[in-house]
Structures are given as structure tokens and as C-alpha cells.
Amino acid sequence: MGSRICIIGSGPTGIFTLQHLIRSAIPLAITIYEAEMLAGKGTPYLPGANDPVMLSNIPSIEIPPLSTSLVDWLSSQDDKYLDRFAIVRDAINAREFYPRLVLGDYFHGQFNAIVEDGVRNGHQIDIRPNHRVIDISLGVEDIRVSVAGAEAKFDAYFDHVVMATGHNWPEKTEVQPGYFSSPWPAAALKSSCHGRLGVLGTSLSGIDALLTVAVSCGSFFYDDAGIMQFQASTGNENFSAVMMSRKGLLPEADFYCPLPYETPKVCTQEAVDSEIQNGTVGLLDRVFDLFRQEIATADPQYASEIGLSGLTADTFADAYYSRRSGVDPFVWAAANLAEVEQNEQRRHTVPWRYAILITHEIVARAVPHLDTVDLARFNKSFKSIFIDEYATVPHLSIKRLLALRNAGRLNIIRLGDDYEIDTDGLARGARVRGKDLEETFDSFIDATGQTALSAHDLPFPSLVRNAAIKPAKTPETNTGLFSDTLSLNSKRTGGIEVDECYRPKDVGVYSNRLYCVAIPFLLHKHPFVQGITSAADLGRTAAEAILDDINSGTADMLLTA
């Protein structure tokens, strides 16, 4: 058998890596280590870690091609399965959002199909669930992977190792009684969060955490007028919640737009790449000028309304959020939901929204090339508007929030920049203090999402000790996906210095065939790398680099012979 390849993790990134590897004409020996009991789902879609009320914010139409589309897979399921998740067979469509648990089942099925295809193509594929990788050590010729299995610990050696470990959450979520440092696993929240609940974070992670607790304290239902309502269950009459963030804003509802993305007219990949070639000095401002021209071309009326011609990369976000920040967040959410539902019926796309959406990945091409000052500027405000557009929320989640509000059980607090959270003198929960603000909660959840991690945070001791694995030099700012809030659990955010194939740079005599496609260690320079489409890109890039290396090695051997 040919090259020895290890994939650590069998979530979406690992699945897409495997999908591309098995296309190799040269037989491969592939080992997949998965820490969970079941391979092929991924942390964001695992039972126990998620609740049926948690919806994925990617529809079938946006999931990169696998053996079967999500819509076709769902249509093939029996009525019992669909009923379990309240999915109406006749309503299944490519733009609908489904529970995370459903996507987990879907990915598990696709993973098994890919494995079967790989074996038929002559590859040796060894799947090891319930096997946690506890260390990685770079050698000169190969890479040692230390594994803790169900019964024993052992070392294995590989030519290529793909670190597809996904999100990084604390092993112990409830760090103090009633204080949760992460919204996962959902099961922990359901059993412990009652009374007055505080949720730090108003983006999708915060919404998911809140709704998980809400369905353990009551139920959502549609009344005779078709409006969603919430009713607390017996014994939970005192349930209430407060969501909080710096801006005190809710994300907007998913909006209708052409898919796949259309090509921008001004802020194109070629234009941004050209600016990158022109050097780092002033790069952010030059790219912003392309972005500004794109918005003005797509929607002149919106450009005029916000005074776009006078805005900069530092002030655009203030203008972008200004209309929303002056309105009660629930009033805005209700109006926004009505607007996007009407636009969906009309198949109408709001031009300026779509312009921001289709340029976010293009603008992101410049981020790894920004100098320290410009990267700090980008992270401080400009980045957030792209996140706000591509991390929109399923309509059903907004309806549930509005139901909680209408039942008098949900408020939102704007924290501003100056606040602190403590547990001093409290038996459980937490206290939040700010300017003219002091709130105490029976339970508290930090739901600010995954933040960028440094090379120092790698869960593999030998890599941390290896001087060849270098932290990237970036400003100490919060670079996580949900940057509207600041996490208590701040970490060094240097990430790992990697090349275009996600291999560590400048490893000297050591093997550079380690592919770091673990999201938390890339966020520092790749701020929009989260999600299934990014997982597909990461997996494809790593697999293509591996196959190129294998093919070039085979060619060298033939020439030598």
C-alpha cells in the first residue's frame, strides 16, 4: 500500500479531505481517528452536544457537493424520522434550514458512502472512533501520532497528517455552579439553566443556547392566527432570560439571494489580488475603496442614504449599524423578518446586502497580507459587517425569539465596551456590571463563539514545544466569529504561521507534511473560515497538496529508476 495518511477528526473538514483523497489513482493507506464514539458527524452536529431546537444556518443548496444532496437525502428518509424533527415531507426544499442533528445524520451517511467508494477504488481506509489523538511529533521523515484508544495508548507513524480537529471547546463547560463557559454541550444547559438566565452573545450561538434552555422550561407553538407563542411549563413559571452584547443588536434573518454567488462588478478577486501585489502599505484602504465602489454600483440609493462616499474602513460599520441601533432590537427583528419573508416570496434580492455577501470571501483574500496596524483596524469594526451578512439566522429562530419577547420572558441589554462579569459572593450564576448597570443571574452562559487560538493553545504538547511551530504575530484583539461580544475566556490569538496549503512554515529539518486545517488556529488571518463551505475548501486544499506531493514523489522515483 502507498503513502500513509492520517486524518484527525471526521467532521465536515475531515469528510471533504477524504472525499478528495480517494480520487487518487495511487492506492493510499488512510487512517481516521475520531475522539467521539461515532465517526462522520462533527462536533457542531453531535447528539448530546446539540438540541433539536438548534438550527443549522446553511441550506442544502449551499452545501458543497457530496454523494447525495441534503434535500435528496431527506426525501429518502421515512416518515418516522421526519416526524422526529417536525419536517413536513412536501415542504422539503433546497433553501430551508434544518436542525443541526439532521445535518449530523446526513454527514454520517455521506461519510460512510465516501469510505465505501474509497475501498472500491483500492484504498485502505481504517476508521478508529473513540480514539483521541493526544500528541503529534514532527520527525525528519515522518510524523508520529500518539493515540489514546478505548483500551490502550499507542503511537503510529504517517507520511501526511491532516489536523481536522474542528472547533475547540472546554472539556468542562460548567466552570462554576450555574456558570457555563460554552453553550455546548446542550444537554448540560438543559439540566442546569433555570430561573433568570443571562446569555453573553446575541449571535447564532447565543440564540441556540437560549432556545435550548427555553424548550427545557416550556414549549413553542403556533396559535390560531399562525403566530408563534411560548408557554412555560409547570414549575418553570419564573423562567426569564436576558441576552447581552456590546451593541445589543440581534442578527438579521436569512435573506433571499441568487446562489451560487454572482461575480462582483468591481471588487473582484482579480482586483483584490492586484492590490495585494502592490504591497501591504495602505492595502486595507485600497481594498475598501474597491468594496465601496461595489456597493455604490450595486445600490446607489443605499450608498447615498449612508453617505458612503465619505466613509472609510474605520467608519463604515458605524453607518451600517446606525439604522438598526436606533430601534428596539425586537421591533427591528419583527420588521426585518416580515421584509425578508416578503422578498423571498417575490424572489427579490436587496442589492447592497448581496454586494456585501458576495465580496466577503474576496476581501478576506487580503487579510493575511495586512500589516499589524491594518489588521487591528480590520478586526475592530470592518470585519463585523461581513459576518453580520453571512451569519444571518433562520427565520424560525427569529420567530422563537419574538415569541419569548411577546411572552415577557426575554430582554436584550447593550453592554458597551466597559463591563465586567464576576461570581463574587454568589452561590451560582454570575453578575454583570457596567456603566449604570448591574444584573444578577441564576444561570449564565458565555455564548460568544469560537475565538482564535494561538500555537501555544495546541492540544498536542510536542507541537507546542517544537520551536518550528511558530505563532503568527497579530494584534491582541478578539478575532472570533461572534466579534460583537468579548469573551471572558480571552486567549492569545496568534494562530499558527502556515503556507497556502496550511502547512507550518519554516520547520527546518522537520517534516512539513502536517496540514493544520483546524479552524481556531486559522482565524487570526482567515476570519471567515468557519462553516461547511470553508470546511470543504480546507479539505480540498489539504488533499490536493497531499496528492501533489505523492504524485511528484512517484514521478521522481520513476525518473531515478
Side-chain angles (χ1 to χ4, degrees), residues 49-51 53-54 167-218 232 235-251 329-330 401 404-405 407-451 453 478 480-491 493:
N50 296 276
D51 186 86
V53 78
M54 292 180 168
H167 291 278
N168 188 291
W169 307 117
E171 290 191 19
K172 180 176 174 56
T173 304
E174 191 172 9
V175 293
Q176 296 187 56
Y179 187 104
F180 294 81
S181 61
S182 165
W184 290 281
L189 306 183
K190 296 183 73 166
S191 63
S192 302
C193 292
H194 296 272
R196 190 169 194 243
L197 171 67
V199 179
L200 180 63
T202 54
S203 295
L204 187 57
S205 289
I207 293 171
D208 280 346
L210 167 63
L211 295 181
T212 297
V213 177
V215 295
S216 72
C217 296
N236 289 299
E237 292 84 0
N238 66 338
F239 166 69
S240 66
V242 175
M243 303 183 77
M244 61 202 86
S245 63
R246 289 190 304 171
K247 294 185 179 73
L249 302 178
L250 286 171
F330 295 104
L401 290 182
L404 287 170
R405 174 63 172 182
R409 299 186 182 274
L410 177 61
N411 287 311
I412 291 178
I413 291 176
R414 180 182 182 276
L415 294 174
D417 294 320
D418 186 17
Y419 68 92
E420 61 180 20
I421 302 168
D422 68 72
T423 59
D424 296 344
L426 299 178
R428 62 174 288 114
R431 181 187 300 107
V432 179
R433 290 191 177 101
K435 184 179 180 181
D436 302 322
L437 168 70
E438 181 169 330
E439 301 280 345
T440 303
F441 302 98
D442 301 309
S443 302
F444 188 87
I445 305 169
D446 183 340
T448 50
Q450 179 69 69
T451 54
L453 299 182
N478 176 32
L481 173 60
F482 303 103
S483 57
D484 184 49
T485 51
L486 297 177
S487 173
L488 274 181
N489 307 311
S490 59
K491 290 180 177 285
T493 59

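Remember, it's a predicted structure, so these values are computed and weren't measured experimentally. Residue numbers run from 1 in the order of the sequence given.
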Quick check: closest heavy atoms across Tyr179 and Ala430, and the distance to 0.1 Å?
CD1-CB, 3.7 Å

With Arg433, the salt bridge (charged side-chain N to carboxylate O under 4.0 Å, His left out) member among Asp418, Asp422, Asp424
Asp422

Can you see which heavy atom on Ser181 is nearest to which on Val175, and at what distance?
OG-CG1, 3.7 Å

Quick one: closest heavy-atom pair of Thr202 and Pro251, and the distance?
O-CD, 2.9 Å

For Arg409, enumerate each residue passing the side chain to side chain donor-acceptor pair (under 3.5 Å) test, keeping only those at least two apart in sequence or located in another chain.
none

Quick one: pull up CZ in Arg431 and CD in Glu439 and give me the separation to the nearest 0.5 Å.
11.5 Å

To the closest 0.5 Å, what do you measure between CG (Leu437) and CD (Glu420)?
10.5 Å

Is there side-chain contact between Leu249 and Ser245, with heavy atoms separated by less than 4.5 Å?
no

Answer whether the closest heavy-atom distance between the side chains of Val242 and Arg196 falls below 4.5 Å.
yes

Correct closest heavy-atom pair for Arg428 and Gly178 would be NH2-CA, 3.3 Å

With sequence neighbours left out, write down each residue that passes salt bridge (Lys or Arg N to Asp or Glu O under 4.0 Å) with Glu174, or none if nothing qualifies.
none

Which heavy atom of Ser205 sits nearest to which heavy atom of Ala447, and what is that distance?
CB-O, 3.5 Å

Min side-chain heavy-atom separation Asn50-Trp184 under 4.5 Å
yes

Mind checking what makes salt bridge (Lys or Arg N to Asp or Glu O under 4.0 Å) contact with Glu237, not counting sequence neighbours?
none

Sequence neighbours left out, what passes side-chain contact (heavy atoms from CB on, under 4.5 Å) with Ala214? Give chain and number order.
Phe220, Phe230, Phe239, Leu404

Side chains of Gln176 and Leu426: does their closest heavy-atom pair fall under 4.5 Å?
no

List in chain and number order the residues that pass side chain to side chain donor-acceptor pair (under 3.5 Å) with Asn411, two or more places apart in sequence or in another chain; answer none if no residue qualifies.
Arg405

Does any part of the side chain of Phe330, heavy atoms only, come nearer than 4.5 Å to the side chain of Leu250, both counted from C-beta?
yes

Any non-hydrogen side-chain atom of Tyr419 less than 4.5 Å from a side-chain atom of Leu200?
yes

Applying salt bridge (Lys or Arg N to Asp or Glu O under 4.0 Å), name anything that partners Asp442, two or more places apart in sequence or on another chain.
none

Which residue is it: Thr212, Thr173, Leu197, Leu210? I am looking for the one with a side chain to side chain contact (heavy atoms under 4.5 Å, CB included) to Ile445.
Leu197

Distance in Å, Met243 CE paired with Ile413 CD1, rounded so as to fall on 0.5 Å steps:
11.5 Å

Smallest heavy-atom separation, Ala186 atom then Met54 atom, equals CB-CE, 3.8 Å

Should Val432 and Phe444 count as side-chain neighbours, where that means a heavy-atom distance under 4.5 Å?
yes

